[in-house]
Amino acid sequence: MNLEQKIYKKLLEVPKGQITTYGELAKAVGLKNGQRAIGKIMNKNPYPVIVPCHRVVMSTGKIGGYAYGEHIKTKLLNDEGIKTENGKIKDFEKNVFRF
DNA sequence: CGGCTGGCGTCGT
DNA sequence: TACGACGCCAGCC
């Protein structure tokens with residue numbers, strides 16, 4: 001299975017209302033420091049909508065980027081019950097999902 | 001808090 | 001096929 005396939009599959013394990021970081025996701029698929037790689041793949045994202053790439057944020061608690069616009073990502077997160085403020089997760093520690 | 005460097009896969013040339 | 005640039009970061013200074 002391709003790396004990206006594994007990434008998408010892992011990401012699907014993240015329940016609605018919870019988020020994860022690029023680093024955690026990277027390690028979950030076998031990468032130690034491949035956060036940027038994750039971002040690259042997410043950016044390609046051949047299955048938008050199916051893959052909730054908006055549930056992935058930076059380890060610092062910031063929202064991070066999004067192929068369709070950071071504001072869209074923020075909106076989607078809020079829609080799932082994840083509060084944000086000034087481009088960063090409000091209750092980051094609480095909503096983080098550990099694999 | 002801002003800036004610079006490190007590290008990894010994919011894409012384009 | 002090989003090499004360099006890029007991307008929705010992370011971490012240290």
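Throughout, protein chains are lettered first and strands after them, A, B, ... in sequence-line order, and every chain is numbered starting at 1.
- Each of Leu76(A) and Met58(A) belongs to its own hydrophobic cluster when Ile, Leu, Val, Met, Phe, Trp and Tyr are linked at side-chain heavy-atom distances under 4.5 angstrom.
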Donor-acceptor pairs under 3.5 angstrom involving side-chain atoms of residues 9-30 of chain A: please list them, not counting sequence neighbours.
{"from": "Thr21(A)", "atom 1": "OG1", "to": "Glu24(A)", "atom 2": "N", "distance (Å)": "3.1"}
{"from": "Tyr22(A)", "atom 1": "OH", "to": "Val56(A)", "atom 2": "O", "distance (Å)": "3.4"}
{"from": "Tyr22(A)", "atom 1": "OH", "to": "Lys73(A)", "atom 2": "NZ", "distance (Å)": "3.2"}

Quiz: residues 59-70 of chain A side-chain donor-acceptor pairs under 3.5 angstrom, not counting sequence neighbours:
none

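- The stretch residues 8-33 of chain A touches DNA chain B through Leu31(A), Asn33(A), each having a heavy atom under 4.0 angstrom from the strand.
- Closest approach of His54(A) and Leu77(A) over heavy atoms only: O-CD2, 3.1 Å.
- Residues of residues 55-82 of chain A that place a heavy atom closer than 4.0 Å to DNA chain C, in numerical order, are Met58(A), Ser59(A), Gly65(A), Tyr66(A), Ala67(A), Lys73(A).
- Between Ile7(A) atom CD1 and Ile41(A) atom CD1 the span is 3.5 Å, to the nearest 0.5 Å.
- With hydrogens and angles ignored, the 3.5 Å screen pairs no side-chain donor or acceptor of Asn2(A) with any backbone N or O of Glu4(A).
- Atom-to-atom, CE of Met42(A) to C1' of dT10(B) comes out at 15 Å; the value is rounded to the nearest Å.
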List the steps, then state whether side chain to side chain contact (heavy atoms under 4.5 Å, CB included) holds for Leu31(A) with Leu3(A).
CA-CA 10 Å; Leu31(A) 296 180; Leu3(A) 178 62; 3.8 Å; yes

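- Taking Phe92(A) as the reference, nothing meets the ring-ring contact (aromatic ring centres under 6.0 Å, His included) condition, with sequence neighbours excluded.
- Base pairing in DNA chain B yields stems of at least 3 consecutive Watson-Crick or G-U pairs, both distances under 3.5 Å, namely B:2-6 with C:9-13, B:8-13 with C:2-7.
- Rounded to an integer number of Å, the gap from Lys6(A) NZ to dT10(B) P is 10 Å.
- The CG atom of Asn78(A) sits 4.0 Å away from the OG1 atom of Thr84(A) when rounded to the nearest 0.5 Å.
- Listed by residue number, there are no residues of residues 88-99 of chain A with a heavy-atom contact under 4.0 Å to DNA chain C.
- Judged as a salt bridge (Lys or Arg N to Asp or Glu O under 4.0 Å), the pairs with a partner in residues 41-56 of chain A (not counting sequence neighbours) are, in order, Arg55(A)-Glu80(A).
- One hydrophobic cluster holds both Phe99(A) and Met42(A) under the rule that ILVMFWY side chains link at heavy-atom gaps under 4.5 Å.
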Within the sub-3.5 Å range, which N or O atoms of nucleotides 5-7 of chain C have a protein N or O partner, and how far apart are they?
{"from": "dG7(C)", "atom 1": "N7", "to": "Arg36(A)", "atom 2": "NH2", "distance (Å)": "2.9"}
{"from": "dG7(C)", "atom 1": "N2", "to": "Arg36(A)", "atom 2": "O", "distance (Å)": "2.7"}
{"from": "dG7(C)", "atom 1": "N2", "to": "Ala37(A)", "atom 2": "N", "distance (Å)": "3.0"}
{"from": "dG7(C)", "atom 1": "N3", "to": "Arg36(A)", "atom 2": "O", "distance (Å)": "3.2"}

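- Residues satisfying the side chain to side chain contact (heavy atoms under 4.5 Å, CB included) test with Asp79(A), not counting sequence neighbours, are none.
- Hydrophobic cluster membership for Val49(A): none, as no Ile, Leu, Val, Met, Phe, Trp or Tyr side chain comes under 4.5 Å of it.
- Taking atom CD on Glu4(A) and atom P on dG9(B), their separation rounds to 13 Å, with Å as the unit.
- Under the side chain to side chain contact (heavy atoms under 4.5 Å, CB included) criterion, Lys90(A) pairs with Lys83(A), Glu85(A), sequence neighbours left out.
- Put simply, CG on Leu3(A) is 13 Å from P on dC8(B), counting in whole angstrom units.
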